[in-house]
Trainee: 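Once you've had a glance at the structure underneath, I'll fire off some questions.
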Amino acid sequence: TIKMCDYNAAAPAEVDCELRNTPGKGEGVFSTRAFQRKELVMQGVIVERLSANHSHASQIGENEYVVLGGLMSRVNHSCAPNLGIAVNSTGAHDYIAFRDIAPGEELTFDYAMECYGVGHFPAV
């Protein structure tokens with residue numbers, strides 16, 4: 001089990017999640033405690049800037065791609081996600097709870113949310 005807080009112990013937000021096997025997807029990130037709607041679930045920390053996109057990159061500008069630390073790049077896609085994205089002061093993406101999340105629930109977001117060209121994100 002890998003916990004986000006083990007990766008970045010200096011992050012101001014305590015993040016309670018772990019990597020587990022998930023049927024049909026390989027691995028996924030799961031909550032280990034309850035989160036309330038609008039609560040910060042995972043805080044984005046940029047660990048590498050990239051010259052091009054790849055499967056675990058986040059797009060933060062028209063031609064800017066980064067790798068986020070910890071388990072951020074391991075969160076799976078859903079068309080009905082429980083996480084949304086907010087941009088923090090470093091330009092990285094934070095994951096915010098769209099709705100209440102129960103302990104043991106897989107954390108998901110819509111991959112279209114991190115594409116720079118998408119002009120609208122639903123309000124949390």
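In this chain, numbering begins with 1 at the start of the sequence shown.
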Trainee: State which residues pass side chain to side chain contact (heavy atoms under 4.5 Å, CB included) with N88; sequence neighbours excluded, sorted by chain then number.
Mentor: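 For N88, the residues satisfying side chain to side chain contact (heavy atoms under 4.5 Å, CB included) (neighbours in sequence not counted) are Q43, T90, A92, D94.
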Trainee: If you measure from CE on M72 to OG on S58, what distance do you get to the nearest 0.5 Å?
Mentor: 6.5 Å
Trainee: Please step through side-chain contact (heavy atoms from CB on, under 4.5 Å) for the pair L50 and V67, ending with a clear verdict.
Mentor: CA-CA 7 Å; L50 304 171; V67 174; 3.7 Å; yes
Trainee: Walk me through whether Y95 and V75 qualify under side-chain contact (heavy atoms from CB on, under 4.5 Å).
Mentor: CA-CA 10 Å; Y95 291 151; V75 175; 3.8 Å; yes
Trainee: Working to the nearest 0.5 Å, report the span between CG of L19 and CZ of R74.
Mentor: 5.0 Å
Trainee: Keeping the roles fixed (side chain from S31, backbone from G104), state whether a donor-acceptor pair exists under 3.5 Å.
Mentor: yes
Trainee: For the residue pair N76 and V29, establish whether any side-chain heavy-atom pair is separated by less than 4.5 Å.
Mentor: no
Trainee: Does a side-chain heavy-atom distance below 4.5 Å link T32 with C17?
Mentor: no
Trainee: Measuring from L83:CG to F98:CZ, what's the distance to the nearest 0.5 Å?
Mentor: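 Separation between the atoms: 8.5 Å.
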Trainee: Roughly how far, to the nearest 0.5 Å, is CZ of R37 from CD1 of I101?
Mentor: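 Result: 11.5 Å between the selected atoms.
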Trainee: Just to verify, what does R49 make a side chain to side chain contact (heavy atoms under 4.5 Å, CB included) with, not counting sequence neighbours?
Mentor: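 Side chain to side chain contact (heavy atoms under 4.5 Å, CB included) check on R49 returns I46, I60, E64, V66.
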Trainee: F30: what forms a side chain to side chain contact (heavy atoms under 4.5 Å, CB included) with it, not counting sequence neighbours?
Mentor: R20, T22, E106
Trainee: Using the test side chain to side chain donor-acceptor pair (under 3.5 Å), find all partners of S78 that sit at least two apart in sequence or belong to another chain.
Mentor: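 Partners of S78 under the side chain to side chain donor-acceptor pair (under 3.5 Å) test: none.
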Trainee: What pair of heavy atoms forms the shortest contact from A57 to Y65, and how long is it?
Mentor: CB-CB, 4.3 Å
Trainee: Rounded to the nearest 0.5 Å, what separation is found between the CZ atom of F35 and the CG atom of L107?
Mentor: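 With rounding to 0.5 Å, CZ (F35) is 6.5 Å from CG (L107).
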Trainee: Using the side chain to side chain contact (heavy atoms under 4.5 Å, CB included) criterion, which residues pair with V87? Sequence neighbours excluded.
Mentor: H93
Trainee: For the atom pair CG (N82) and CG (D110), what is the distance rounded to the nearest 0.5 Å?
Mentor: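 Reported to 0.5 Å precision, the distance equals 12.0 Å.
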Trainee: Do R33 and E105 meet the salt-bridge criterion of a basic N to acidic O distance under 4.0 Å?
Mentor: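 The answer is no: the pair does not qualify as a salt bridge.
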Trainee: Please evaluate residues I96 and V41 with respect to the criterion side-chain contact (heavy atoms from CB on, under 4.5 Å), reporting the C-alpha separation (whole Å), side-chain torsions for both, the decisive distance (0.1 Å), and the verdict.
Mentor: CA-CA 5 Å; I96 309 296; V41 177; over 6 Å; no
